[in-house]
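Everything quoted here is computed from the prediction, not taken from an experiment. Both ligands and their constituent atoms are indexed starting at 1 by order of listing.
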Amino acid sequence: MASPSIPAALRHPRLPAGGGLVFHSSGDPTSRSTLSIGDMPMRRCQTGLGLVLAARSPGVGNVDNLHESSSLSRSWDLNSQIDNDRDVLIECRDVHKSFGDKHVLRGVSFKIRHGEAVGIIGPSGTGKSTILKVMAGLLAPDKGDVIICGKKRHGLVSDEDIEGLRIGLVFQSAALFDSLTVRENVGFLLYENSSLPEDRIGKLVTETLAAVGLKGVEDRMPSELSGGMKKRVALARSIIFDDTKDLIEPEVLLYDEPTAGLDPIASTVVEDLIRSVHMTGRDALGKPGKIASYVVVTHQHSTIRRAVDRLLFLHEGRVVWEGMTHEFTTSTNPIVKQFASGSLDGPIQYF
Ligand SMILES: Nc1ncnc2c1ncn2[C@@H]1O[C@H](COP(=O)(O)OP(=O)(O)OP(=O)(O)O)[C@@H](O)[C@H]1O
């Protein structure tokens, strides 16, 4: 694969210059066209790497900003809505997205709250990956709003509007830089964007690898890792952060089919790993996880059962059902019933 030139913002004296880096396909057929380096704020976003660190906003609970972003007046109703929505980190409100004449998202609305573990499921081609990219700020909605911690995001994520919330997108394939060591892969954003000394970044890399159950692999190349280890390294890369900052923003992780193509046992390992780095879990070192909330797009029943608490069912570009995971198999919604049973008969038609 040809190696595109690396934007200046992505170059770092401690990492090999542009020629040393190879951008990989993320395994997502759309990512290379929609997420091309030319129209991306690459200082924060790594496309095809399996990682995006993107949007920030003024932080949870900043009521002034919630007021500011609302089209409603400062009425009692609004105040009560704000109280209810104080813990909402990401909201998609009536989001529409088309590619040419293909209307993929047709009015998607939902909220992701602090502490949640949410799954997005639904038939193939119904827009699940697209809504993840919209949430991450890699695709702009044609219509509708993405609201990050109460503040409307305008267009794509950009350096100007980055503050308050970190959003990481973990693509299906680990998509590591083949020509960089594990240490350089995991520490990539810190080498690029922080003023931390090299030895401190190295220490953080070692600690973060340990948190996902990996030890002594810092100097290995990705080709020397198994598939499962690569996924762990990719996860470590998405959860590492500069711990010297005064304000550590909450982080939401978006996983696109993290267990696709894995055998059942390897899937269980990844599902448990996803749980372990969440704030309700314990990482491999026994420390509480640091991820505030996460969203998983998946087709796997095991991942639905094991890794998420609440489900959004997307069909023909809309959320047609939402409920707790345990309600999924008992739902009487005909679309959900057909999907859960895998029946060919029902409202979901494959052509
Ligand atoms: N950049 C793009 N350009 C053109 N079409 C696109 C682009 N991105 C997505 N699409 C189309 O939008 C539709 C929805 O794609 P998306 O990947 O979001 O579906 P999905 O629900 O994640 O599917 P799957 O479960 O099969 O992964 C597909 O028909 C896809 O081909």
Engineer: Out of Arg306, Arg232, Arg282, which one pairs with Asp272 under the salt bridge (charged side-chain N to carboxylate O under 4.0 Å, His left out) rule?
Structural biologist: Arg306
Engineer: Say whether Gly125, considering both its backbone and side-chain N or O atoms, lies within less than 3.5 Å of an N or O atom on ligand 1.
Structural biologist: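 Yes, since at least one N or O of Gly125 sits under 3.5 Å from an N or O of ligand 1.
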Engineer: Could you tell me whether the side chain of Asn185 and the main chain of Leu180 form a donor-acceptor pair under 3.5 Å?
Structural biologist: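 Pair found, side chain donor or acceptor close to backbone of Leu180.
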Engineer: Indicate yes or no: does Glu251 engage Lys290 in a salt bridge with an N to O separation below 4.0 Å.
Structural biologist: no
Engineer: Any donor and acceptor pair, going by atom type alone, linking the side chain of His278 with main-chain N or O of Ala292 inside 3.5 Å?
Structural biologist: yes
Engineer: Any idea which atoms of ligand 1 are less than 4.0 Å away from a heavy-atom of Lys128?
Structural biologist: 18 (O), 19 (O), 20 (P), 21 (O), 22 (O), 23 (O), 24 (P), 25 (O)
Engineer: When you compare ligand 1 with Gly127, is there at least one nitrogen or oxygen pair between them that comes in under 3.5 angstrom?
Structural biologist: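 Yes, there is a polar N/O contact under 3.5 Å.
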Engineer: As a check for students: among Leu105, Thr130, Thr126, identify the option with a heavy atom nearest to atom 15 (O) of ligand 1.
Structural biologist: Thr130
Engineer: Determine whether any heavy atom of Glu257 lies closer than 4.0 Å to an atom of ligand 1.
Structural biologist: yes
Engineer: Looking at Val170 and Ser238, what are the two nearest heavy atoms and their distance?
Structural biologist: CG2-OG, 3.8 Å
Engineer: Please could you name the atoms of ligand 1 that Lys102 approaches to less than 4.0 Å, counting only its heavy atoms?
Structural biologist: 29 (O)
